[in-house]
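Structure first, then comments.
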2 protein chains.
Amino acid sequence: MGATKSDHFTDKQNELAILTKALGHPARIAIIEYLLKVNACICGDIVNELPLSQPTVSQHLKELKNAGLIKGNIEGNAICYCINETGFEKIKVFFKEIDLHLEKRKNECC
Amino acid sequence: MGATKSDHFTDKQNELAILTKALGHPARIAIIEYLLKVNACICGDIVNELPLSQPTVSQHLKELKNAGLIKGNIEGNAICYCINETGFEKIKVFFKEIDLHLEKRKNECC
DNA sequence: TATTTATATTGCAATATTACGATATAGTAA
DNA sequence: TTACTATATCGTAATATTGCAATATAAATA
């Protein structure tokens with residue numbers, strides 16, 4: 001026990017969970033908000049911005065990248081990070097579906 | 001170490017992380033999708049729907065409720081669960097802000 | 001009151017996450 | 001080549017999450 005039973009859920013449910021889980025940490029929300037503000041930056045900029053060490057920031061960036069929420073391009077000896085719109089597009093579709101459901105059933109709660 | 005440094009981030013960032021973290025598990029995505037479909041149901045219905053035990057489902061429901069994504073109302077000896085629109089409204093606002101940023105800076109990535 | 005039904009809580013094992021110091025890697029510049 | 005800069009990875013400790021059997025709680029019913 002302890003491991004998530006991913007095989008028992010649909011691919012769509014697992015994919016969405018990976019995306020939302022990646023956003024489920026204040027440091028990663030802060031990274032996304034910073035990237036939205038500056039458009040693109042290198043890891044060191046985020047280390048200066050956040051109260052976390054370089055390895056910790058690097059790890060958070062890796063998780064956001066693996067989830068498909070950011071992209072990283074090599075630029076000289078640094079790596080330029082920016083938002084990956086594809087990931088956010090997928091989340092957007094999910095919340096749009098939720099919105100449609102909620103509008104239909106407004107205040108029909110128990 | 002190991003504990004998230006919540007105090008170093010803004011209230012807004014922490015609040016958003018709590019909401020997205022609650023959605024960051026396929027079982028909880030499945031519960032939300034089921035609630036959207038049936039509008040309202042009791043815990044036992046979800047236990048029958050998901051490949052998880054009753055205590056595990058109960059725990060996931062607790063997390064969704066604590067995050068503000070679902071509501072639970074006592075109805076006899078059962079508890080009727082449904083979507084809490086307030087929580088989803090907060091997430092919606094966040095993604096709307098992201099959308100605005102992305103539209104402005106389309107394809108200006110590194 | 002005793003039983004059934006519905007859900008929550010407790011306790012625990014397995015696993016995952018968070019964080020960082022130390023170190024490795026790789027490009028730049030002197 | 002040597003030093004510098006930027007980032008990733010390794011190793012590890014602290015903590016959190018996931019899942020369930022067993023049990024507790026609480027309302028409904030016989």
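Letters A, B, ... are given to chains in the order of the sequence lines, protein chains preceding strands, and every chain is numbered from 1.
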Can you pull out the residues from residues 72-79 of chain A that lie within a 4.0 Å heavy-atom distance of DNA chain C?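 Under 4.0 Å from DNA chain C: A/G76, A/N77.
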So for atom NZ, which belongs to A/K65, do other residues, nucleotides or ligands contribute more than 12 heavy atoms lying within a distance under 6.0 Å?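 No, the 6.0 Å shell around NZ holds no more than 12 heavy atoms from other groups.
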Does the side chain of B/P55 reach to within under 4.5 Å of the side chain of B/Q59, using non-hydrogen atoms?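 The answer is no, as the side chains (C-beta and beyond) never meet within the 4.5 Å cut-off.
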I want to check something: taking the side chain as every heavy atom from C-beta on, are B/T20 and B/F94 in contact at a cut-off of under 4.5 Å?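 Contact flag for B/T20/B/F94 side chains = no.
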Between A/K92 and B/E103, is the closest basic N to carboxylate O distance under 4.0 Å?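 A salt bridge is absent here (no side-chain N lies under 4.0 Å from a carboxylate O).
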Linking I/L/V/M/F/W/Y whenever their side-chain heavy atoms sit closer than 4.5 Å, directly or via other members, would B/V93 and A/L36 fall into one cluster?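 They do not share one cluster, since no chain of ILVMFWY contacts under 4.5 Å joins B/V93 to A/L36.
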Indicate, with yes or no, if A/L52 and A/V47 share a hydrophobic cluster defined by side-chain heavy-atom contacts under 4.5 Å among Ile, Leu, Val, Met, Phe, Trp and Tyr.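 Same hydrophobic cluster.
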For a side-chain contact (heavy atoms from CB on, under 4.5 Å) with B/Y34, tell me which candidate from B/V38, B/I31, B/I32 qualifies.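 Among B/V38, B/I31, B/I32, the one that satisfies the side-chain contact (heavy atoms from CB on, under 4.5 Å) with B/Y34 is B/V38.
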With side-chain contact (heavy atoms from CB on, under 4.5 Å) as the test, pick out the partner of B/L69 among B/I91, B/I83, B/I18.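 Looking at B/I91, B/I83, B/I18, the match for B/L69 under the side-chain contact (heavy atoms from CB on, under 4.5 Å) is B/I91.
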Could you run through nucleotides 12-20 of chain D and give me one letter per nucleotide, 5' to 3': B if any protein heavy atom sits under 4.0 Å from the base, S if only the sugar-phosphate is that close, - if neither? --BSSSBBB
Taking [atom1] from [X] and [atom2] from [N], how many angstroms apart are they, rounded to a whole number?
X	N	atom1	atom2	result
A/I70	D/dA8	CD1	C1'	13 Å
A/L61	D/dA8	CG	C1'	11 Å
A/I42	C/dA26	CD1	P	18 Å

For A/Y81 and D/dA8, is the shortest distance between a side-chain N/O and OP1 or OP2 below 4.0 Å?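 Answer yes for this pair, as a side-chain N or O of A/Y81 is under 4.0 Å from OP1 or OP2.
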Check this one for me: any side-chain N or O of A/K62 less than 4.0 Å away from OP1 or OP2 of D/dT9?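 Answer is yes, contact under 4.0 Å.
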